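Report on one structure; see the data block that follows.
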Amino acid sequence: MKKNVLLIGAGRFGKHMAMQLNQLGHQVMAVDTDENRINDVMNIVTNAQIGDSTNAEFLKSLGVGNFDVCMVTIGNSFQNSLETTSLLKELGARYVVSRAERDVQEKFLLRNGADAVVYPEKHEAKWAAVRYTADHILDLIQLDNTHAILEVEVPESWLGKSIIELDIRKKYGVNIMAIKHNDSINVNVEPDIVLTEDITLLVLGDYKNLKKCFKV
């Protein structure tokens with residue numbers, strides 16, 4: 001389903017976010033105080049405006065309540081990010097996602113109106129640490145502070161056995177969401193599927209259980 005997204009901050013992270021949203025088919029309005037940054041994203045967003053997001057009248061003129069998601073991706077001033085996040089909620093924004101660069105920023109943003117916080121540097125560091133020290137882990141998606149999705153190779157001790165035989169959910173506390181084979185993903189995971197070495201598993205669970213189960 002296409003969504004209307006207000007993207008405030010068109011720096012490096014904001015531009016990458018705009019590109020991904022565009023590829024997913026969403027309608028994006030980008031806002032930044034820097035004309036050059038706005039010009040850089042004009043061809044990948046639906047609309048763009050130059051303006052100060054800490055100005056309540058300017059934000060109000062955008063009709064923030066009409067957007068499905070408001071994303072604050074300001075990276076050069078935490079004060080501006082915090083003020084913008086707070087103003088968006090005051091003006092009736094439905095859902096606000098703000099960017100943090102440190103743990104303390106995440107706490108302040110959540111206390112001042114953010115419904116969710118993205119912490120790209122922290123998540124990227126965790127992914128890189130896992131990926132390049134555990135060859136059997138092919139991908140990691142951090143869902144929150146305690147849950148994640150991993151793409152993993154089938155453990156050697158599981159080969160030739162069915163999912164129901166392994167009783168993975170009960171024994172390990174993780175769920176197999178899908179099976180991937182030759183870049184094709186099958187989400188209809190039947191309990192009698194026998195696991196082979198030419199497939200990978202997409203598993204969801206508490207990060208502690210995933211670490212224990214797959215030796216991350």
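Note that the structure is a prediction, hence the values are computed from the model and not measured.
Remark: Asn80 CG to Thr33 OG1 distance equals 8.0 Å, nearest 0.5 Å. To the nearest 0.5 Å, atom OH of residue Tyr95 and atom SG of residue Cys70 are 12.0 Å apart. Taking CG from Asn39 and CD1 from Ile50, the interatomic distance works out to 6.5 Å, rounded to the nearest 0.5 Å. Taking CD from Gln27 and CG from Leu6, the interatomic distance works out to 13.5 Å, rounded to the nearest 0.5 Å. Interatomic distance, Met71 CE to Arg99 CZ, rounded to the nearest 0.5 Å: 11.5 Å. Remark: Asn43 CG to Met19 CE distance equals 9.0 Å, nearest 0.5 Å.
Side-chain contact between Lys60 and Val64 is absent, with no heavy atoms from C-beta onward closer than 4.5 Å. Pro191 is not listed as a side-chain neighbour of Ile193, based on a closest heavy-atom distance of 4.5 Å or more. Considering only heavy atoms from C-beta on, Gln49 stays 4.5 Å or farther from Ile38 through its side chain. At a threshold of 4.5 Å between non-hydrogen side-chain atoms, the residues Lys107 and Leu109 do not count as touching. In this structure, the side chains of Phe67 and Met29 come closer than 4.5 Å at one or more pairs of heavy atoms. The shortest side-chain heavy-atom distance between Val97 and Val117 does not fall under the 4.5 Å cut-off. Taking the side chain as every heavy atom from C-beta outward, Lys180 and Ile199 never approach each other to under 4.5 Å. Residues Val28 and Asn22 are not in side-chain contact: their nearest non-hydrogen atoms beyond the backbone lie 4.5 Å or more apart.
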Ile168 vs Val174, test: side-chain contact (heavy atoms from CB on, under 4.5 Å). Steps then yes/no. CA-CA 7 Å; Ile168 294 166; Val174 300; 3.6 Å; yes

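Between Ala178 and Ile185, the shortest heavy-atom contact is CB-CG2, 3.6 Å. Scanning all heavy atoms of the two residues, the minimum distance from Asp206 to Lys208 falls at OD1-N, 2.8 Å. Smallest separation of non-hydrogen atoms from Ala30 and Val41: CB-CG2, 4.0 Å. Between Thr85 and Ser98 the shortest heavy-atom distance is OG1-OG, 2.8 Å. Across all their heavy atoms, Val31 and Phe58 have their closest contact at CG1-CE2, 3.6 Å. Nearest heavy-atom pair, Leu59 versus Ser53, reported as atom, atom and distance to 0.1 Å: CD1-O, 3.2 Å.
With 3.5 Å as the limit, one finds no donor-acceptor pair spanning the side chains of Thr84 and Thr54. Under 3.5 Å, the side chains of Ser184 and Asn182 contain no donor-acceptor pair of N or O atoms.
In the hydrophobic clustering of this structure, Leu21 groups with Val45; members are Ile, Leu, Val, Met, Phe, Trp, Tyr whose side-chain heavy atoms approach within less than 4.5 Å, directly or through other members. The hydrophobic cluster containing Leu82 does not contain Leu88, counting ILVMFWY residues as joined when their side-chain heavy atoms lie under 4.5 angstrom apart, directly or transitively. Linking Ile, Leu, Val, Met, Phe, Trp and Tyr whenever their side-chain heavy atoms come within less than 4.5 Å puts Val189 and Leu210 in one cluster. Under a hydrophobic-cluster definition in which Ile, Leu, Val, Met, Phe, Trp and Tyr are linked whenever side-chain heavy atoms come within less than 4.5 Å, directly or via other members, Val203 and Leu159 are assigned to the same cluster. By the rule that hydrophobic residues join a cluster once side-chain heavy atoms approach within less than 4.5 Å of another member, Leu202 and Val154 end up as members of separate clusters.
Classification of Arg94 and Asp115 as a salt-bridged pair fails, no side-chain N sitting under 4.0 Å from a carboxylate O.
The backbone N or O of Asp68 sits nowhere less than 3.5 Å from a side-chain atom of Asn4 that would complete a donor-acceptor pair. Asn112 contributes a side-chain N or O that, together with a main-chain N or O of Phe108, makes up a donor-acceptor pair within less than 3.5 Å.
The list of side chain to side chain donor-acceptor pair (under 3.5 Å) pairs with a residue in residues 185-201, not counting sequence neighbours, reads Glu151-Thr200, His181-Asp198, Thr196-Asp198. Sorted by first then second residue, the side chain to side chain donor-acceptor pair (under 3.5 Å) pairs that include residues 155-173, not counting sequence neighbours, are Arg169-Asn175.
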